[in-house]
Number of protein chains: 2
Amino acid sequence: MDKRLNDGQDLRVPAICRACDARHRGICGAMTAEQLAEFSRFTTRKKIGAGTELHGQGERVISYANVLRGVVKLTKVMQDGRQQIVGLQFAPDFIGRPFASESTLTAEAATDAEICAVSKGALDRMVATAPDLEHKLYHQALLELDEARDWMLTLGRKTAREKVASFLHLIAAHYDPECNETVAFDLPLSRQDIGDFLGLTIETVSRQMTKLRQEEVIIVENNRHVIVSDMERLARIAGID
Amino acid sequence: MDKRLNDGQDLRVPAICRACDARHRGICGAMTAEQLAEFSRFTTRKKIGAGTELHGQGERVISYANVLRGVVKLTKVMQDGRQQIVGLQFAPDFIGRPFASESTLTAEAATDAEICAVSKGALDRMVATAPDLEHKLYHQALLELDEARDWMLTLGRKTAREKVASFLHLIAAHYDPECNETVAFDLPLSRQDIGDFLGLTIETVSRQMTKLRQEEVIIVENNRHVIVSDMERLARIAGID
DNA sequence: GTAGCGATTTGATCTCGATCAAGACCAAAG
DNA sequence: CTTTGGTCTTGATCGAGATCAAATCGCTAC
């Protein structure tokens with residue numbers, strides 16, 4: 001999960017838009033100046049608060065987005081309220097499902113975030129004519145598929161302890177591309193969200209975090225700030241090859 | 001899961017090859033006669049027995065394949081042997097992960113099967129120059145991503161009963177595109193495989209099957225042949241919206 | 001400061017699915 | 001026919017994680 005997540009990072013589709021600073025790599029790089037100018041007429045940069053829904057499960061989708069800052073969670077809900085997070089999108093990930101009008105999941109900001117929204121029609125039209133653009137999107141889809149399948153192993157076969165360690169490892173590896181022994185970061189998810197990501201209850205998540213704290217695998221401050229003292233050890237606990 | 005699986009079916013990449021009967025739709029349709037001729041020099045049609053491994057986790061991949069008949073399971077294994085099936089490929093699905101040299105999973109025939117193997121280099125070269133071909137592959141990757149995410153909800157949040165019902169529903173829906181009330185089919189997986197797909201033990205799978213049998217939701221003959229008497233009811237038990 | 005409130009932790013108990021252990025079924029081989 | 005070996009089912013018991021309940025933490029507002 002971790003490894004590929006880092007390797008893949010550079011391949012992810014970054015900011016698509018007009019005002020997104022100087023970060024016009026990725027998708028934009030695949031366009032001519034002309035296309036870019038035309039395209040930027042349909043993009044909007046937005047700051048959104050934690051909990052803001054980009055689109056709901058079953059809704060018609062009218063825009064795509066690129067994450068510029070923060071974390072967006074992709075969730076599926078059952079009628080009775082049971083919920084599963086099926087993906088976490090970090091900057092500069094693309095959010096959206098080309099070639100489908102209705103979404104099969106909800107995209108919601110897990111933290112305060114900044115996105116660059118793009119009208120669906122505009123991007124669809126460009127994708128239809130710019131093979132490079134589609135190539136970038138295909139790349140990201142394959143990375144997401146790899147991540148989803150890695151997580152299926154976690155959901156189906158790992159213990160609560162291994163699941164929590166896997167989650168911490170995933171986040172730590174994400175915020176530390178250099179893979180140092182010690183990593184510090186703020187958790188982008190609440191205990192409830194972590195539970196929904198791991199298929200566990202908040203109580204179980206809490207208990208496993210406490211145990212890892214007692215074993216000095218992690219240090220936790222303010223329930224949010226985490227320091228992993230030994231990533232190798234964490235990986236071993238997580239059952240990562 | 002079911003719905004999209006059926007809808008998507010037509011979009012899947014079908015047979016790529018020379019001798020694969022008259023079913024030259026999909027990928028091949030995206031090629032010129034010239035390309036097709038060149039391409040067919042690198043394809044081989046093969047019959048493989050249940051259990052045959054196409055490629056292993058961590059191995060270098062030298063060929064892709066299209067499933068022509070039978071079912072291929074994609075699995076991930078942990079060092080200690082715990083196993084999770086992360087995908088099932090039916091005809092005419094494409095098997096392979098473009099843009100990666102090493103596989104992160106094992107592809108193995110779950111039933112006797114027939115495939116059309118293609119040299120990786122040849123397909124990669126074509127993909128680089130034929131946008132239509134990449135478009136088809138992108139489509140399939142998105143469908144597989146949808147399926148993986150649907151299954152994550154099953155793995156993370158459903159009960160054993162719901163999981164087994166979900167599995168039966170998935171297979172039944174796959175073999176009955178018309179969504180009749182009653183569907184009969186042969187299970188393409190052993191109890192062990194079903195367990196590995198659902199994140200359960202074989203005993204739990206067996207017990208839940210027995211219960212569904214007793215409740216007359218299904219009829220089972222020879223441990224393999226299954227008749228679902230009421231798909232609606234099965235869907236309700238599976239917790240499918 | 002402290003009052004209020006949601007998020008998190010901790011504790012006690014229960015339950016579903018895992019584990020351990022026979023037994024039944026079925027097909028191929030002798 | 002019986003034996004053998006694999007797969008599946010059934011039964012008894014165990015335990016990890018869920019559930020229910022209460023206490024504590026941490027933040028904001030006053």
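FYI, side chains are in, hydrogens and waters are out, and symmetry mates aren't considered; it's all heavy atoms of this structure.
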Stretch residues 201-209 of chain B: residues that reach within less than 4.0 Å of DNA chain C through a heavy atom
B:Thr201, B:Glu203, B:Thr204, B:Arg207

Can you give each donor-acceptor pair under 3.5 Å made by side-chain atoms of residues 195-206 of chain B, sequence neighbours left out, with the distance rounded to 0.1 Å?
| residue | atom | partner | partner atom | Å |
| --- | --- | --- | --- | --- |
| B:Asp196 | OD1 | A:Arg157 | NH2 | 2.8 |
| B:Asp196 | OD1 | B:Gln192 | NE2 | 3.3 |
| B:Thr201 | OG1 | B:Thr204 | N | 3.3 |
| B:Thr201 | OG1 | B:Thr204 | OG1 | 3.1 |

Are the side chains of A:Val228 and A:Phe185 in contact, using a 4.5 Å heavy-atom criterion?
yes

So, do B:Glu144 and A:Arg149 sit near enough that their side-chain heavy atoms are less than 4.5 Å apart?
yes

The helix from C:dG1-D:dC30 to C:dG30-D:dC1: angle between end helix axes, five pairs per end, rounded to 10 degrees:
30°

All side chain to side chain contact (heavy atoms under 4.5 Å, CB included) counterparts of [X], not counting sequence neighbours:
| X | value |
| --- | --- |
| B:Ser119 | B:Phe42, B:Ala122 |
| A:Ala100 | A:Arg97 |
| B:Arg161 | B:Thr159, B:Gln208, B:Lys211, B:Leu212, B:Glu215, B:Ile237 |
| B:Ile62 | none |

Classify the side-chain pair A:Ser166/A:Lys158 by whether it contains a donor and acceptor separated by less than 3.5 Å.
yes

Counting the atoms with a prime plus P, OP1 and OP2 as sugar-phosphate, which does B:Gly195 contact under 4.0 Å by heavy atoms, base, sugar-phosphate, or nothing?
nothing

Show every donor-acceptor pair shorter than 3.5 Å between a side-chain atom in residues 54-61 of chain B and any protein atom, with sequence neighbours excluded, or say none if there are none.
| residue | atom | partner | partner atom | Å |
| --- | --- | --- | --- | --- |
| B:His55 | NE2 | B:Ser103 | OG | 3.3 |
| B:Gln57 | OE1 | B:Val77 | N | 2.9 |
| B:Gln57 | NE2 | B:Val77 | O | 3.4 |
| B:Glu59 | OE1 | B:Gly56 | N | 3.1 |

How would you list all residue pairs meeting side-chain hydrogen bond (donor to acceptor under 3.5 Å, both in side chains) that involve residues 232-241 of chain B, not counting sequence neighbours?
none

First-last contacting nucleotides on DNA chain C - partner chain B, under 4.0 angstrom, heavy atom:
C:dG17 to C:dC20

How would you list all residue pairs meeting salt bridge (Lys or Arg N to Asp or Glu O under 4.0 Å) that involve residues 178-194 of chain A, not counting sequence neighbours?
A:Lys73-A:Asp193

Every protein N/O lying under 3.5 Å from an N/O of nucleotides 23-28 of chain D:
none

